[in-house]
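Data block below; observations after.
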Amino acid sequence: MSADPTGIIRAMGETGESQLADNLARVQERIAAAARRVGRNPAEVTLIAVTKTVPWERAQAVLALGVRHLGENRVQEAEAKYAGGLPPDVTLHLIGHLQTNKARAAARLFQLIHSLDRARLAELLEQEARGLPRPLPALLQVNVAGEASKFGLAAAEVPAAVDSFAYLPHLDLQGLMTIAPLAQNPEDVRWVFRGLRELRDQLRQRHPSLALPHLSMGMTDDYPIAIEEGATLVRVGRAIFGARGEGPPRS
Ligand SMILES: *Cc1c(COP(=O)(O)O)cnc(C)c1O
């Protein structure tokens, strides 16, 4: 698009620019270190910079720093922010709950839907994706920890959901996503990430034709643990942009 990201960074001022670059570099280092700890290639892990509540200018600034994946949790906010378009090599991820009446807009705006969690939504996305040049990539959201406050299929519901959604011709089921419970110590939610990976491995055995390459798991507080357990997509907001509604972290 026409915006000059470098000029925007300059407009943010020296502090904003260097702080954002430092934060991003630190996250990238921790991603690589976590991957190496378990003998994984760091290139297997994709960082999604979560730009919910983050102004457009700062999203542009992380793009200028080389990030190529952005995540938003609300269709309307994403439409407003990115209505002017994004560079063609940038992937926009929907990481939040998707209401049925937003399925059409979501199918057009996002290149990966992380929150497929019910049959009705699968049907609607399938319909919307008929008009797209290629099948719409999606992940099944799984509520591994069974929290009442969270969206997602129960782990026990996932095999049946895969049986019915995986073979819709215009949906491209690429794996699973989960959000871990809040925890003081990220080690306390390792079992959630391990559970998602084990579920994916079981699904692969049951459906040898499905690669299910992606595990979307890990946020600011727990992404290194998620990577140790096999995450291929980590969704990081605060560690890059600072606490939402405030400036970047001081240290
Ligand atoms: C906000 C959000 C994130 C990023 O959270 P941080 O703690 O800021 O890293 C990741 N995933 C989902 C689904 C979110 O809503």
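All ligand and atom numbering here is 1-based and tracks the order in the structure.
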Applying salt bridge (charged side-chain N to carboxylate O under 4.0 Å, His left out) to R130 and not counting sequence neighbours gives E126

Apart from L112 itself, members of its ILVMFWY cluster (side-chain separation under 4.5 Å) are I48, L139, M177, I179, M219, L233

Just the distances, no angles: every ligand 1 N or O to protein N or O pair closer than 3.5 Å, one line each.
residue, atom, partner, partner atom, Å
ligand 1, 7 (O), R238, NE, 3.0
ligand 1, 7 (O), R238, NH2, 2.7
ligand 1, 8 (O), R238, N, 2.8
ligand 1, 8 (O), R238, NE, 3.3
ligand 1, 8 (O), R244, NH1, 2.7
ligand 1, 8 (O), R244, NH2, 3.2
ligand 1, 9 (O), T220, N, 2.9
ligand 1, 9 (O), T220, OG1, 2.5
ligand 1, 9 (O), G237, N, 2.8
ligand 1, 11 (N), R235, NE, 2.9
ligand 1, 15 (O), K52, NZ, 2.7

Checklist entry - In terms of the angle between their ring planes, are H114 and H93 parallel, tilted or perpendicular, with boundaries placed at 30° and 60°? => result perpendicular

Within the distance-only criterion (no hydrogens, no angle test), does the side chain of K52 pair as donor or acceptor with the backbone N or O of R244 below 3.5 angstrom? no

For P42, the side chain to side chain contact (heavy atoms under 4.5 Å, CB included) test, sequence neighbours excluded, returns A32, A35, R36

To the nearest 0.5 Å, atom OG1 of T178 lies from atom CG of N143 at 6.5 Å

